[in-house]
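Written below as C-alpha cells is the structure these notes are about.
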Amino acid sequence: MEDGTISGTIPLREKGECAMFSHRPEISGTFGVVTSTHWLATAAGMSILEKGGNAFDAAVATGLSLHIVEPDQNGPGGETPLIICKAETNEVKVICGQGPAPMAATVSAYRDLGLDAIPGSGPLSAVVPGSFGAWMLLLLEYGTMSLRTVLSPAIEYALKGYTITPHVSEAISAGKSLFMREWPSSAEVFLPGGNVPPPGTLFKATAIAGTYRRVLAEAESVGNNRDAQIEKARQTWYEGFVAEAIDHHFLHSEAMDTSGQRHRGFLTGEDLARWRATIEEPLKYDYHNYTLCKTGPWGQGPVALQQLALLKALDLGASSPTSIEFVHPIIECTKLALADREAFYGDPAFVDVPIQSLLSDEYNMSRRKLIGNGASYEVQPGQVSGYETNIKIKPKGSTKNILEAMAATSVSEPTPLHRIGSNIPEPGDSDGDTTHFDIIDSRGNMVSGTPSGGRLGGSPVIPGLGFPLTTRCQMFWLDESAPNGLAPGKRPRTTLSPSIALKNQEPYMAFGTPGGDKQDQWAIHAFLRHVHCNLDLQDAIDAPEFHTNHAPSSFFPRECEPGHLALEKRFGEDMINAATKRGHTVSVYDDYTLGYVTAATRDQGLLKAGASSRRRQCYAAGR
C-alpha cells in the first residue's frame, strides 16, 4: 500500500467461499447475450442478433420494446442514456439521449405560478423527450440493420398485445380515478372500456403502434437508402407530426399535477426541433485492474466513480458480502459521493464541475478520513477551492402532504398523486421509474442502456400519439445559482446511469439497474460483489441488497432520510443488529425486493449474463 491505496489486482476469493444467493443460472455462450428488465424486450434483442444484427441493432429493438411492455416505468416520450463499446476499436462512448429544459422554462416562470419546486408530474415537468433521438443516432452511426427491422418487434408487441404484469396493472389502478377525472387521454389508452386491465391479460398499445407505423412510412418514403430513412424518422419525430402533436397539446391543454393545480407546460415544437442526441466521451476511473466508464456529471454516473475512489484503499475482499464490514464502508462512501453530487453536479455545458478534483487521490484521501465505525447523519460535501457548496436539506415528512393540496382543490376524492405522479417510494416500493438492458454480441460490441421517463403515471398521454412525456424537469432546483439549477436549454442532472467496465484495459462488463437515486448503489454493489467476492453475475445480482436514502432525493419533493440504511431481511438478525449498533437507522425489507440489476460480461470470447430475479420479469438470454 502506498499513499493510502492498494496497488495491483484485487485478491479474489476461491469459488465457494461466498454463499450462493440465486436460484437462477448465469447465462453463457459465444454467440450473443441480451439481458433486460422484461423478458419480451430481451427476446426482441435476441431476435435481432439471430437475424445477423450487431449489439447496437439489438439495443434499438430492445429499448423500443421496453417502451411498450413496461409502460409503468418508461415510454417513447422519455429519455435514454447509452454507453457503448465498439469491438473494432475498443473505444467507449456515451450517447446522450437526455433532452434539455424548454426555452420558456425559467426560474421566474415557475415562481410566477406560485411554485417553489417543479411538480413531480404533469406538463410543467416535461423536458425534450430524448429516447427516440438516441435510438436513431445509435442505429445510424453504429448499427447495420434497417429501421423497419429494429422497429418491428415493438410494433408487433403493441399491435398484437403483451401480457400485462401485476406492476403495470397496479400502476393503472392507482391512477384510475385521476385518469377518469383529469387525464382523459390517459384513460382512453390505459383503461379500455373504463376498466383496469387485470394481470395476466393481453394488453394492446394500438395508438403507439400507429405512431411507429406512421414514422416508418414517412421514413421509407424517401427511398431505399438506410441512412436517409433513419434521418427522416428522426426528423418526423422532432420536426414532423410527433412534434406537432406535442406542441398542440402543450399549447392548448392544462393538466392536474402534484402541486394540486392544473397547469399548461412550457415545451414547444421548436424545443424539439432544435435538439439532437450527441456522442460524448465517458468519464473513467481506474479501480485496481478495472476501469469503470460512466456518463458525465449531467447524470449521476460519476457518483459510482467517486465511490470507487473512496473504496480503493479498503480491503473489501476480506469481508463477506453479507457482513457489516462489507456494507458499512460502502454506505458511508456512498453518503459522501452523493453529497458531492448535490453540491457540484450539473450540465457541464452550463456548469464548471470540478470532476478531476473529485476523483483525485488527494481529495479522496481527505474524504476517507470522515468514515468512522459509526453511521454518519451529516450530508457533507467536500471542499474544492473556488467552488461553493450549498445543499438544501428537506428531511422526510417535512413537506405538506400532497393529498392535502389535492383536497383543497375542487376535485373530490383526491387521487394519491404522491404514488403515481412522482417517484417518492412507498414502504416496500423501490421500483423506480426506469428500465435497463445490457447486450454483448459475438464480436465484442457492448451496449448498456437505461431507458426511462414517459411513464403512464407521470403525465397525460399526448392525444393521437398514445404515450405520455417525461417528467425529468422535476430534478432541477428553482435556484439559478445551484449547479443543477434550472436554465432554458439545460439538461437536468438525471439519475440514469448505465455502465461499462474494462478489465485489464479490455472491454469486460456492461451493467446497470432501474431505481432512481439508488442506481449507483445497487449496480455498484453487484459490481463489487462480482470483482471482490468472485461471485458469478447471477449471484452478485441476487445477493442480499441494501441502500441508503441519506442524501436529498432527485425527485419531487426532494426529501432525505439522514442515517438511513435499507436492508433485505436475508442479511439476518445478527447483521441487522450490528448495523443498528453502529448507529444506522435501519429499514428492513422483504427478501428479493431491492434492486433490479442486469449485467453481461465478455472474457476471452466467452459471454455471460444475469438478470435480477426480484421482479419476476427481468431475464437474460443468450447462446
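No hydrogens, no waters, no symmetry mates; every other heavy atom, side chains included, goes into these values.
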Main-chain N/O of Glu545 paired with Glu568 side-chain donor or acceptor, under 3.5 Å: yes

Taking the six-membered ring of Tyr596 as reference, does the cationic atom of Arg615 (NZ for Lys, CZ for Arg) lie under 6.0 Å from its centre and within 45° of its axis? yes

Using every non-hydrogen atom in the two residues, find where Met475 and Arg558 come nearest and quote the distance to one decimal. O-NH1, 3.1 Å

Could you pull out all residues at least two apart from Tyr592 that satisfy ring-ring contact (aromatic ring centres under 6.0 Å, His included)? none

For the residue pair His67 and Phe132, is the inter-centroid distance of their aromatic rings smaller than 6.0 Å? no

For the residue pair Arg341 and Gln300, confirm or rule out a side-chain donor-acceptor distance under 3.5 Å. yes

Using the side chain to side chain contact (heavy atoms under 4.5 Å, CB included) criterion, which residues pair with Leu607? Sequence neighbours excluded. Val33, Ile440, Arg602

Given Glu70 and Thr37, is the side-chain hydrogen bond (donor to acceptor under 3.5 Å, both in side chains) satisfied, shown in steps? CA-CA 9 Å; Glu70 290 200 78; Thr37 50; 2.6 Å; yes

Is it the case that Thr144 and Asn54 place a side-chain donor and acceptor less than 3.5 Å from each other? no

Filter on ring-ring contact (aromatic ring centres under 6.0 Å, His included), then keep only pairs touching residues 29-60, sequence neighbours left out; what's left? Phe56-Tyr142

Does either side chain, that of Asp517 or that of Thr495, offer a donor lying less than 3.5 Å from an acceptor on the other one? no

Considering residues, nucleotides and ligands other than Lys608, do more than 12 of their heavy atoms fall under 6.0 Å from its NZ? no

Using side-chain contact (heavy atoms from CB on, under 4.5 Å) as the criterion, point out the one residue from Pro498, Ser612, Ser497 that pairs with His436. Pro498

Tell me yes or no: between the side chains of Ser452 and Arg472, is some donor less than 3.5 Å from an acceptor? yes

Where does the angle between the aromatic ring planes of His564 and His547 fall among parallel (under 30°), tilted (30 to 60°) and perpendicular (over 60°)? tilted

Check this for me: Arg443, atom CZ, are more than 12 non-hydrogen atoms of other residues, nucleotides or ligands nearer than 6.0 Å? yes

